[in-house]
Amino acid sequence: MTIPSTHLFIQTIILGLLVGGVYALMSSGLTLIFGVMRVINVAHGAFLILGAYGTYWLFQSAGIDPIVSIILTAPALFVLGWVVQRYMLSRLENPEQSSVLVTFALAITMEGLMGTVWKTTLRSVNPDYSTQVLQFATYRFPVTRLAGFGAALLVLLLLYIILQRTNLGRAIRATMQDRHAAQLVGVNVQKVAAITFGIGVATAAAGGSLLSLIYSFNASSQTDWITRVLSIIVLGGMGSLPGALIAALILGVMEQLTAIMITLYWSPIVFYVFLFLTLIVRPQGLMGEKIREKA
């Protein structure tokens, strides 16, 4: 193990926080879907990669900046998410139990289709500023990570405004707190579930756009990313958006520290270690609540 200097330690924390903001956006949709529907969308990683491929295609064919492309990819995947929930998941008799298998099958199908269209070659989006670095004092800030962090914050802020300041947001929060009580006061929980699933997939599209700016990817990358976002929402607390934000920042920093203190190849293992420890020590996560079964 290598002990970094103070300067390198602070620099690593900065980079970890920047990438952690992007991780927070990637995981926000998954934890929102669980909070409303109590289902785990295993296809979330596949939607992330589909958003990344959409961004790559827009950049290659029309020269659209990956951050600007969120305006196009997010609405498109919102519609796709709404269709999946409305015509697939809503037809399941017991979605809380069978949705994992259905969305797993969907993820494998999407991976196969994306692999057929775009092959297995690693892709990435490299705009003109991809190699630029801003320097403040003695610390370096890669422009791509700064741009990704800023865009992630904007999307998360928009999601917060929707949840806190709109009637739809109030309906979503009511459904998250108590589905049956929400129905009693007139909330159409089926409609809310479909819209929430669409929003969750739209945030995955936005996260995929930023992913393409920072990392290389191919169709099989969806397996790696679903394990990362699942680790984040388990650590943060299933269904807790603030918890997902805190957990994403923690894991982003720990991933970067592992890369410089041990080795780059061990850094992805951080997510599995935290997932394992959370499930053993505090299954409800940092900000989650224990689910009480009805007698």
Side-chain angles (χ1 to χ4, degrees), residues 1-31 44-45 48-49 51-52 66 122 124-125 130 133 139-153 155-156 203-204 206-218 220-238 240-282 285-287:
M1 178 182 291
T2 303
I3 305 299
S5 65
T6 302
H7 177 272
L8 181 57
F9 181 77
I10 295 174
Q11 176 71 71
T12 303
I13 290 178
I14 291 171
L15 295 177
L17 290 174
L18 291 178
V19 75
V22 178
Y23 288 166
L25 174 60
M26 292 179 181
S27 58
S28 61
L30 185 60
T31 198
H44 194 79
L48 274 170
I49 299 302
L122 286 172
S124 61
V125 179
S130 60
V133 177
Y139 299 103
R140 298 165 64 85
F141 297 81
V143 172
T144 51
R145 296 203 178 193
L146 275 175
F149 182 79
L153 287 185
V155 176
L156 288 172
T203 62
S209 294
L210 302 181
L211 181 155
S212 70
L213 185 63
I214 301 173
Y215 297 100
S216 298
F217 63 92
N218 60 14
S220 62
S221 299
Q222 66 94 9
T223 305
D224 178 48
W225 286 104
I226 186 58
T227 56
R228 293 190 183 208
V229 296
L230 277 174
S231 300
I232 289 170
I233 69 169
V234 169
L235 175 60
M238 302 287 280
S240 171
L241 285 171
L245 174 59
I246 294 171
L249 295 176
I250 291 173
L251 290 176
V253 170
M254 294 304 299
E255 179 187 29
Q256 297 296 314
L257 287 174
T258 303
I260 67 161
M261 294 178 66
I262 304 178
T263 174
L264 180 64
Y265 300 105
W266 280 43
S267 57
I269 300 177
V270 167
F271 292 88
Y272 299 98
V273 171
F274 271 85
L275 175 62
F276 179 75
L277 292 176
T278 303
L279 291 175
I280 291 178
V281 177
R282 187 178 171 84
L286 296 176
M287 301 187 68

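Quick note: numbers below take in every heavy atom, side chains included, and nothing from hydrogens, waters or symmetry partners. Since the model is a prediction, treat every value here as computed from it, not as a measurement.
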(message) Is there a side-chain contact between P142 and L15 in this structure, where contact means two heavy atoms from C-beta onward sitting under 4.5 Å apart?
(response) yes
(request) Of all the heavy-atom pairs spanning L48 and A204, show the shortest one and how long it is. (result) CD2-O, 3.2 Å
(request) Search all heavy atoms of V234 against all heavy atoms of T278 and return the closest pair with its distance. (result) O-CG2, 3.6 Å
(request) Determine, stepwise, if the pair S221 / D224 fulfils side-chain hydrogen bond (donor to acceptor under 3.5 Å, both in side chains). (result) CA-CA 5 Å; S221 299; D224 178 48; over 6 Å; no
(request) Flag the pair L153 / F149 as yes when at least one side-chain heavy-atom distance between them is below 4.5 Å, and no otherwise. (result) yes
(request) Evaluate the side-chain proximity of R228 to S27: yes if any heavy-atom separation is below 4.5 Å, no if none is. (result) no
(request) Using the six-membered ring wherever Trp is involved, compare the ring planes of Y215 and Y23 and label them parallel, tilted or perpendicular (cut-offs 30° and 60°). (result) parallel
(message) If you count every heavy atom of other residues, nucleotides or ligands that lies below 6.0 Å from R140 atom CZ, does the total exceed 12?
(response) no
(message) A side-chain contact here means heavy atoms from C-beta on lying under 4.5 Å apart; do H7 and Y139 qualify?
(response) yes
(message) For the backbone of M26 and the side chain of H44, can you confirm whether one donor and one acceptor N or O come within less than 3.5 Å of each other?
(response) yes
(request) Would you check if V22 and L211 make a side-chain contact, meaning some heavy-atom pair closer than 4.5 Å? (result) no
(request) Identify the two heavy atoms, one from T31 and one from S240, that lie closest to each other, and give their separation to 0.1 Å. (result) OG1-N, 3.3 Å
(message) Which heavy atom of P66 sits nearest to which heavy atom of S212, and what is that distance?
(response) CB-OG, 4.4 Å
(request) Over all heavy atoms of both residues, which pair between A247 and G236 is shortest? Give the atoms and the distance, please. (result) CB-N, 3.6 Å
(message) So which atom in I49 and which in N218 form the shortest heavy-atom distance, rounded to 0.1 Å?
(response) CG2-O, 3.6 Å
(message) Do T227 and Y272 make a side-chain contact, defined as non-hydrogen atoms from C-beta onward lying under 4.5 Å apart?
(response) yes
